[in-house]
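These notes are about the structure you will find just below.
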Amino acid sequence: LLTLLFWLLRGDFLHGFLAGLTLSIAILPEEFPVVLSVFMALGAWRLAKSNVLARKNQTIETLGGATVLCTDKTGTLTENRMAITQVIGLDGRDVDGAGRSEIVAYGILASQKNPSDPMEEAFLAAADDLAAIYNGMDVVKEYPLDSHSFSVAQIWGRDGKPEVMALKGAPEEVFRLCRLPNDKQKRLQEIADDAADDGLRVLAIAKAAAKSIAPSRDGYQYELLGLVGLSDPIRTEAKDAVALAHRAGIKVIMLTGDHAETARRIGREIGLCTERVITGQEFLSMNEKQQRELVKTTEIYSRVAPNVKLAIISALKQNGEVVAMTGDGVNDGPALKSAHIGIAMGQRGTDVAREAASLVLLDDNFASIVQGVRIGRRIFANLQKAVMYIMIVHIPIAALSIAPVLLGWELILLPIHIVFFEFIIDPACTLVFESETEDEDTMRRPPRRIPQSLFSRAVVLESLAIGGLLALMAVLIHGGMLGSGASSDQARAVTYLTIILANIGMILSLSGRKIILLAIQQRGKNALSIVVAMAFTALAVVYNLPFLQSLFKITPLSLTEFSLAAAVAIAVSLLAAIVRKLWR
């Protein structure tokens with residue numbers, strides 16, 4: 001359209017085509033794909049340095065919008081370094097000697113022979129003679145942990161013939177399988193509750209004779225041996241990480257397979273709301289409406305199976321929450337897929353969990369998740385600044401392409417000017433803004449709404465306001481130069497320099513004073529210093545070499561003209577900062 005308009009008004013198709021080409025280059029925001037690619041790639045690198053491996057790029061900035069963090073207890077909030085600290089007999093007293101050895105031995109027989117689970121490793125560490133416990137036997141049949149039974153049972157024998165069975169699991173489940181009288185169950189449950197209240201993971205151990213293999217673990221006559229209490233120290237950084245998440249407006253929910261009192265004790269120590277602890281079965285027994293109400297206030301869930309995790313996440317999502325969830329088991333795959341941000345454990349997670357997740361936590365540490373949220377928020381904020389910068393600086397270029405046609409001037413900007421300009425825009429909006437540190441209140445603000453667009457109404461209007469201010473300044477300074485008797489080349493030289501300097505001023509205006517302080521602290525070794533140094537060096541070459549002066553159709557600047565361009569650029573940058581402050 002501009003080409004046709006120029007041709008109709010001036011009768012010069014070639015210069016009209018140049019004007020149209022310049023406008024096309026000026027308004028085409030080809031920086032956006034570059035910006036998004038660089039931000040996501042460097043964001044993934046920054047997350048990896050904080051022990052969070054990003055498998056899907058789009059999750060990087062989504063992490064900054066998380067409103068709920070659902071986390072395991074063992075290994076994430078605790079050190080996953082278990083040790084047997086208490087062995088309790090059926091009379092409620094601590095057991096020593098042969099009685100303790102028997103309980104530990106059957107705990108080992110109910111575990112993997114070469115375990116990777118710290119809980120099972122704790123049983124091995126407590127044994128005196130493993131060879132005597134195994135006694136040449138191998139596993140004949142295993143009844144693994146599942147969503148219907150919080151217990152594990154294994155039958156051992158020789159030559160495929162069953163001899164003995166070992167059972168370990170949640171006390172209430174083992175008591176049921178042992179078919180204990182109600183009064184005895186109640187008394188032993190109180191003992192288990194007391195140990196759990198001290199923050200211990202409590203397991204009940206039982207044995208059974210196994211002359212044949214039954215279809216399920218219910219088909220045996222068990223003898224209860226006792227209870228085992230295992231300690232797992234809380235990570236020193238967990239409490240501070242939970243507090244930081246709360247300050248950032250993020251709810252932390254603990255999902256654990258442990259006893260309710262164990263979960264309550266751990267939750268109390270790290271700063272969770274312990275007013276109500278819900279078991280997985282209680283949650284599943286509720287209808288959908290009750291579940292949605294419950295997840296608004298409850299932060300601790302005990303005896304949680306993978307299907308319960310999926311139900312909790314569904315209820316949270318129906319309430320409009322943006323959910324991040326950790327998981328490590330094969331059965332956690334559906335829940336990790338369902339969550340907005342699935343986070344698999346890197347050290348103890350299964351391949352299935354890692355494939356289903358969008359992030360992998362390399363150190364299995366809850367504090368790393370919170371740090372990931374901080375990085376996600378920083379990425380989105382800096383990405384929005386880069387988007388604003390691109391929109392702002394394209395407006396005056398477009399204005400300088402259109403104004404000469406409408407006002408009867410010679411063309412101000414040619415394609416060579418735009419190409420040179422892009423050498424400043426691209427590194428500025430990618431490297432400078434990406435490397436900018438987060439605001440001091442980043443983790444004191446509530447999470448942003450996920451539907452919030454990079455091109456939100458507020459961002460577009462603010463960009464138009466500031467970009468319009470720059471465009472008006474550029475047109476006025478060019479018209480003023482022509483009105484004072486300057487040649488087109490002189491006016492172009494001053495206008496172009498003003499636009500370049502104002503472009504650098506926009507970087508400082510959008511970033512604030514902290515980016516200048518950072519440049520001073522790093523002694524000019526940051527991205528901003530490099531971009532500014534390159535821009536001034538290139539300008540010095542262009543404005544002083546006759547060949548380039550002819551190519552750019554500019555004249556050498558006098559000190560007065562240079563001072564005018566610098567003064568106007570500084571003034572409009574300060575004015576833009578004021579407009580932005582008032583807009584906020």
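Both backbone and side-chain heavy atoms feed into the values below; hydrogens, waters and symmetry mates do not. Not measured: the values here are computed from a predicted model.
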Could Lys309 and Asp72 be called an ion pair, given the rule that one side-chain N must be under 4.0 Å from one carboxylate O? yes
Using modelled atom types and a 3.5 Å cut-off, is there a donor and acceptor pairing between side-chain atoms of Arg264 and backbone atoms of Thr274? yes
Nearest 0.5 Å please: distance from the CG atom of Leu359 over to the CE atom of Met325. 12.0 Å
If you count every heavy atom of other residues, nucleotides or ligands that lies below 6.0 Å from Glu142 atom CD, does the total exceed 12? yes
Ion pair check, Asp218 and Arg176, cut-off under 4.0 Å: yes
Would you call Arg201 and Asp232 a salt bridge, taking side-chain N to carboxylate O under 4.0 Å as the test? no
Is the number of heavy atoms from other residues, nucleotides or ligands under 6.0 Å of Asp159 CG greater than 12? no
Test: Glu355 and Arg55 ion pair at under 4.0 Å: yes
Donor-acceptor pair, side chain of Lys168 and main chain of Ala110, under 3.5 angstrom: yes
CZ/Arg93: more than 12 non-hydrogen atoms of other groups inside 6.0 Å: no
Can a salt bridge be assigned to the pair Lys186 and Asp183 using a cut-off of 4.0 Å between side-chain N and carboxylate O? no
Around atom NZ of Lys113, are there more than 12 heavy atoms of other residues, nucleotides or ligands at under 6.0 Å? yes
Indicate yes or no: at least one non-hydrogen side-chain atom of Asn135 is less than 4.5 angstrom from one of Arg158. yes
